[in-house]
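A short worksheet on the structure shown next.
Here is how names work: the chains are called A, B, and so on, in the same order as the sequence lines, proteins then strands, and each is numbered from 1.
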Amino acid sequence: MEKEEDGETKVEDEKVMEFLDSVDTYLFLFDSLSSTLRQGWLEFASARHSMGVSRVNGALLDLKSHSAATSLQVTQVDDSVERQPHFILHKWISSDNGQDCYKEGKFREDKLCMKIDTPQLRNRSNALLSEEKASARNGAPLDQIQKERSKSLSVFGTLVSPKLRAAQLSFETALETLVEIANMRSKMLSSFDQLHNELKAPTDHKLKFSSGGAVGNEVNP
Amino acid sequence: MAGRAQIATKNSALIAMIADEDTVTGFLLAGVGNVDVRRKTNYLIVDSKTTVKAIEDAFKEFTTKDDIAIVLISQYVANMIRFLVDGYNKPVPAILEIPSKDHPYDPAHDSVLSRVKYLFSAESVASGRR
């Protein structure tokens, strides 16, 4: 009986730790996102300053029909209790060759994910790492990615400031962080639901026990 | 868990945005912009002239479309439609409240953290209220 209770306590503690870890990682990722976005906004403002306000503003956005070059793949992860969505970012896949890239891209992404989980790779200011990740995820060659990036920048003209290119990379990094945040959100909510159910169960058990005790007291004053 | 809805797998899902011009333009540079044949976009640029009704309509539209997996919304914009954002509880699309240039991210207002914070001690909840 005691061993069972110890076992249950251990499982509960693990769930609590998992939940607190996910909250901590969620907040850490938001911190990282804030600094990446700040960098992106600053670079964007610098580009606007050098190119002129008329050349860098929202009015130039392309309203012709076009598909997103960067999209998400949503899969389902079956936990012991919950079904969680899992988001995978696919950057710079053109609509022409998108489908062919997924299988190779997923394989390369899985290999890369094993490396990404190490703390050393949390510093995302390395543009080369961003390039490798984009290429690995998509299975698309680097020149294809550069082509898609140039196409996106062409809205602001043929010759653009290097600051605008830098802003583009910063926002790409921010996107990657956001996808991690979305996955961590799913994990956090799943852990929360499990803990919530655990907290409710002992309460029902205690109610049964206390009602039995009260009856005992009435019989034996 | 029995009765939990299946999460539909999607291959080319979009990221929708409800944010200020610079944030939206930045993410469009990163390639997330989508315009369909009816010229409907997957983003709404919020400025001083944008009404709360327009923001509500965009939020409802993005959260009911099948091809959207994540909705990014600036936290200060989310605060304008807080009742809608806090009332949303589907797993997909995921609603992420992001900081903006003039309004840094505040964990106290995040709808997901608000949902889970009661699990923390009474002390930390009280310190959050100060």
Side-chain angles (χ1 to χ4, degrees), chain A residues 19 23 26-27 30-31 33-34 37-38 40-41 44-45 56-58 61-76 81-85 87 90-92 98-99 102 148-149 152-153 155 164 167-168 170-172 174-175 178-179 181-182 185-186 188-189 192 195-196 199, chain B residues 1 4-15 20-43 45 47 67-70 72 89-101 104-107 110 112-113 115-120:
Chain A
F19 171 70
V23 172
Y26 185 80
L27 290 170
F30 259 108
D31 216 25
L33 174 73
S34 296
L37 283 176
R38 265 198 301 273
W41 289 320
F44 199 70
V56 183
N57 64 71
L61 294 173
D62 188 5
L63 287 177
K64 281 184 270 181
S65 169
H66 66 274
S67 307
T70 295
S71 60
L72 294 169
Q73 186 183 2
V74 185
T75 56
Q76 181 177 288
V81 179
E82 297 282 325
R83 291 190 185 103
Q84 305 174 39
F87 303 91
H90 293 286
K91 292 197 317 188
W92 304 119
Q99 289 300 323
Y102 283 135
E148 293 292 333
R149 281 198 178 118
S152 183
L153 283 169
V155 167
L164 197 63
Q168 187 181 47
S170 295
F171 277 96
E172 280 183 43
L175 265 184
L178 281 164
V179 171
I181 289 174
R185 173 187 178 273
S186 300
M188 188 169 68
L189 289 173
F192 168 74
L195 265 181
H196 187 55
L199 286 173
Chain B
M1 220 172 173
R4 288 277 175 186
Q6 284 275 358
I7 292 161
T9 53
K10 301 173 193 176
N11 273 336
S12 299
L14 302 173
I15 299 172
D20 57 275
E21 185 179 313
D22 280 4
T23 305
V24 169
T25 309
F27 283 119
L28 292 183
L29 278 177
V32 301
N34 189 84
V35 182
D36 66 14
V37 290
R38 291 173 299 167
R39 289 211 170 173
K40 283 251 178 189
T41 59
N42 61 328
Y43 56 87
I45 294 177
D47 56 22
D67 58 351
I68 291 177
I70 291 178
L72 305 179
N89 57 5
K90 291 185 213 164
V92 179
I95 310 297
L96 302 182
E97 297 179 36
I98 60 175
S100 61
K101 283 186 305 185
Y105 173 72
D106 183 0
D110 188 306
V112 172
L113 289 176
R115 242 193 277 176
V116 306
K117 77 179 179 185
Y118 93 95
L119 277 180
F120 296 106

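- The two residues A:Leu72 and B:Ile15 have their closest heavy-atom pair at CD1-CG1, 3.5 Å.
- The structure places CZ of A:Phe44 at 4.5 Å from OG1 of B:Thr25, a figure rounded to the nearest 0.5 Å.
- Residue contact with chain A, scored on non-hydrogen atoms closer than 4.5 Å, involves the backbone and the side chain of B:Arg115 alike.
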(request) For B:Leu113 and A:Leu27, run side-chain contact (heavy atoms from CB on, under 4.5 Å): C-alpha distance rounded to whole Å, both residues' side-chain angles, the deciding distance at 0.1 Å, then the answer. (result) CA-CA 10 Å; B:Leu113 289 176; A:Leu27 290 170; 3.6 Å; yes
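- For a residue to count as touching a neighbouring chain, one of its non-hydrogen atoms must lie under 4.5 Å from one of that chain's; by this rule B:Leu14 touches chain A with backbone and side chain alike.
- Across all their heavy atoms, B:Ala13 and A:Ser71 have their closest contact at O-CB, 3.3 Å.
- Taking the side chain to side chain donor-acceptor pair (under 3.5 Å) definition, one finds that B:Asp47 meets it with B:Thr50, sequence neighbours left out.
- When all heavy atoms of A:Ser67 and B:Asn34 are compared, the closest pair comes out as CA-OD1, 3.2 Å.
- Contact of B:Asn42 with chain A is not made at all, since no heavy-atom distance falls under 4.5 Å.
- A:Arg185 approaches B:Ala94 most closely through the heavy-atom pair NH1-CB, 3.6 Å.
- What you find for B:Ser100 and A:Trp41 is that their closest heavy atoms are C-CH2, 3.3 Å.
- Listed for the A:Thr70 side chain is no donor-acceptor partner under 3.5 Å among the backbone atoms of B:Val32.
- By the side chain to side chain donor-acceptor pair (under 3.5 Å) test, B:Asp20 is found to be paired with B:Thr23, residues two or more places apart in sequence or in another chain being considered.
- Closest non-hydrogen pair, B:Leu29 versus A:Leu153, comes out as CD2-CD2, 3.7 Å.
- The greatest number of non-hydrogen atom pairs below 4.5 Å with chain A, out of B:Gly31, B:Pro104, B:Pro107, is found for B:Gly31.
- Separation of atoms NE2 (A:His66) and CG (B:Asp36) is listed at 10.5 Å; rounding is to 0.5 Å.
- With a 4.5 Å cut-off on non-hydrogen atoms, B:Ile70 touches chain A through its backbone and its side chain both.
- Contact annotation for A:Leu175: both backbone and side-chain heavy atoms come within less than 4.5 Å of a heavy atom of chain B.
- Note on ring orientation: taking the six-membered ring where Trp is involved, the planes of A:Phe30 and B:Tyr105 are parallel (angle under 30°, cut-offs 30° and 60°).
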